[in-house]
Amino acid sequence: MALFCSSIIKRVVVPKLTRKLVGCHLHTCASRHAAAPPDDGSHLWLSSFGGGAVDLTKDDVSGLAVLTLNNPERLNAVTGNMMLQLADIVNDLKEWKGGKALIVHGKGHTFCTGADLNMVRNMLDSKHGREMCAFMHKTLTELHRLPLISVTAIDGPAIGGGAELCTATDFRVMTEQAHIRFVQALLGIVPGWGGGTRLTRLVGRTRALDLLSSGRAISPEEAVEMGLANWMIPTGHDVVEATTDWVQKYTKGKPEVVRAVKNVVVAGAEMSLEESLAEEAEQFVNVWGGPAHQEAMLRNARHKK
Ligand SMILES: C[C@@H](C(=O)O)C(=O)SCCNC(=O)CCNC(=O)[C@H](O)C(C)(C)COP(=O)(O)OP(=O)(O)OC[C@H]1O[C@@H](n2cnc3c(N)ncnc32)[C@H](O)[C@@H]1OP(=O)(O)O
């Protein structure tokens, strides 16, 4: 059963980005990570490539947010406007203290076909390529580090930048009709949204080289087998509802505990040993003696199988 109750869903209206984005201001451990490429505000031209939208719903009771790529006429290709909206949404989610989980999906039976090719054809010079790359690196790096358990629900194709985007969440679940395909080399480029780095860390050097140089499609079965995907959504189920049920096993605790767990893992994955150990200690102290800890001690919790 889905967690959502329609009366408590807030539709978040994300203001169009008209200001220079400030640098990383995560209140979690992520602020001490090596910086993503610098953001000097040179990306504002992206707003001239309109169309599509990125929608967000947040449920304060369950702590679950759903992010929808909404450009179905172009199979959810990402326009410049959508890039700016995605960045605003990630900033909004950073500040969501009651949040526990995030589902990312696409409208209709498609996840995402990458950058809008109508835009790409008009920005083939290196200045614009560099600026778009830096902007998407920063946004997806911050998405990856959000103190939320994040999962991409893939139905239909996840191609090019869409394949990269799905590597920026913690988990991936796929329908039988889904596939992931890094087509960048077939287009004369390499991944430009941080997906090459994330893929290599997820599946290892040899598999990443195979997938990135061949541009072949990865079926859900193969994705699960190599650890790129974590579950196949049974046929006939609503994708978001099924994913909501699937992610619940990770979100039973209070938000501060779920978030602390994610922060510990992000630190372990990205920081040096010394920094990560220090961060783990800080996360531990933050939850020690807190409401969830006190409650567990009072009920004398036992953990039999
Ligand atoms: C920046 C870079 C990166 O990785 O860093 C990228 O992302 S490069 C982007 C990489 N992505 C791609 O190369 C995907 C190109 N698209 C395709 O190969 C194909 O559309 C498939 C995804 C295989 C689906 O083929 P199928 O025959 O089912 O549909 P279709 O081709 O008629 O597509 C339906 C409509 O969506 C549009 N459409 C599809 N993908 C699009 C894209 N990425 N940008 C803009 N429009 C796109 C088509 O032009 C078409 O519009 P009309 O009905 O108006 O004709």
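Atoms within a ligand are numbered from 1 in the order they appear, just like the ligands themselves. Residue numbers count from 1 along this sequence.
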Among residues at least two apart in sequence or on other chains, which ones pass ring pair (Phe, Tyr, Trp, His ring centres under 6.0 Å) with H109? none
Which of the atoms of ligand 1 are close to W193, meaning less than 4.0 Å from one of its heavy atoms? 5 (O)
Right, does atom 14 (C) of ligand 1 have protein non-hydrogen atoms nearer than 4.0 Å? yes
Nearest-0.5 Å distance, OG1 of residue T110 to CG of residue D155: 7.5 Å
Does the protein place a non-hydrogen atom closer than 4.0 angstrom to atom 33 (O) of ligand 1? yes
Does a side-chain N-to-carboxylate-O contact under 4.0 Å join D92 and K58? yes
Determine whether the side chain, the backbone, both or neither of A77 has a heavy atom under 4.0 Å from any heavy atom of ligand 1. side chain
Hey, could you give me the CE/CE distance between M119 and M132, rounded to the nearest 0.5 Å? 5.5 Å
Going by the salt bridge (Lys or Arg N to Asp or Glu O under 4.0 Å) test, which pairs reach into residues 61-85, not counting sequence neighbours? R74-D116
Closest heavy-atom approach to atom 5 (O) of ligand 1 among E164, Q184, R181 is made by E164
Taking heavy atoms and a distance under 4.0 Å, where does L187 meet ligand 1: side chain, backbone, both or neither? side chain
Any nitrogen or oxygen of N118 lying under 3.5 Å from a nitrogen or oxygen in ligand 1? Just yes or no. no
Under 4.0 Å between a Lys/Arg side-chain N and an Asp/Glu carboxylate O for E270 and R201? no
Proximal ligand 1 atoms for A115, defined as those under 4.0 Å from one of its heavy atoms: 1 (C), 6 (C), 7 (O), 9 (C), 42 (C), 43 (N), 44 (N)
Can F111 be reached from I159 by stepping across I, L, V, M, F, W or Y side chains whose heavy atoms are under 4.5 Å apart? no
Take atom 7 (O) of ligand 1 and look for protein heavy atoms under 4.0 Å from it; say yes if you find one, no if not. yes
Distance (rounded to the nearest 0.5 Å) between H128 NE2 and L46 CG: 8.5 Å
Looking at atom 11 (N) of ligand 1, is any protein heavy atom nearer than 4.0 Å to it? yes
E73 heavy atoms within 4.0 Å reach ligand 1 at atoms 35 (C), 36 (O)
Going by the atom numbers of ligand 1, which of them fall below 4.0 Å from some non-hydrogen atom of D116? 44 (N), 45 (C)
Are any of the protein's heavy atoms under 4.0 angstrom from atom 55 (O) of ligand 1, yes or no? no
Straight-line distance of L148 CG to T251 OG1, nearest 0.5 Å: 11.0 Å
Looking at ligand 1, does any of its N/O atoms fall within less than 3.5 Å of an N/O of G161? yes
Answer yes or no for M119: is there a heavy-atom contact with ligand 1 below 4.0 Å? no
Min over I189, V120, L75 of heavy-atom distance to atom 25 (O) of ligand 1 lands on L75
At what distance, to the nearest 0.5 angstrom, does CG of L143 lie from CG of L93? 8.0 Å
Min over R121, M123, R74 of heavy-atom distance to atom 39 (C) of ligand 1 lands on R74
Main chain of S47, side chain of N81: is a donor-acceptor contact present, judged purely on distance under 3.5 Å? no
Close-contact set for ligand 1 against G114 heavy atoms, below 4.0 Å: 7 (O)
Heavy atom of I159, distance to ligand 1 below 4.0 Å: yes
Taking atom CD1 of I89 and atom CG of L56, what is their separation to the nearest 0.5 Å? 5.0 Å
Heavy atoms of the protein only: does one fall short of 4.0 Å from atom 44 (N) of ligand 1? yes
Heavy-atom distance from atom 36 (O) of ligand 1 to the protein below 4.0 Å? yes
Could you check atom 40 (N) of ligand 1 against the protein and tell me its nearest heavy-atom contact, residue, atom and distance included? T113 OG1, 3.1 Å
If you scan the protein for heavy atoms around atom 52 (P) of ligand 1, do you find one that is closer than 4.0 Å? no
Is there a donor in the side chain of T169 and an acceptor in the side chain of H144, or the other way round, less than 3.5 Å apart? no
Check the side chains of S219 and E222 for a donor-acceptor pair under 3.5 angstrom, ignoring hydrogens and angles. no
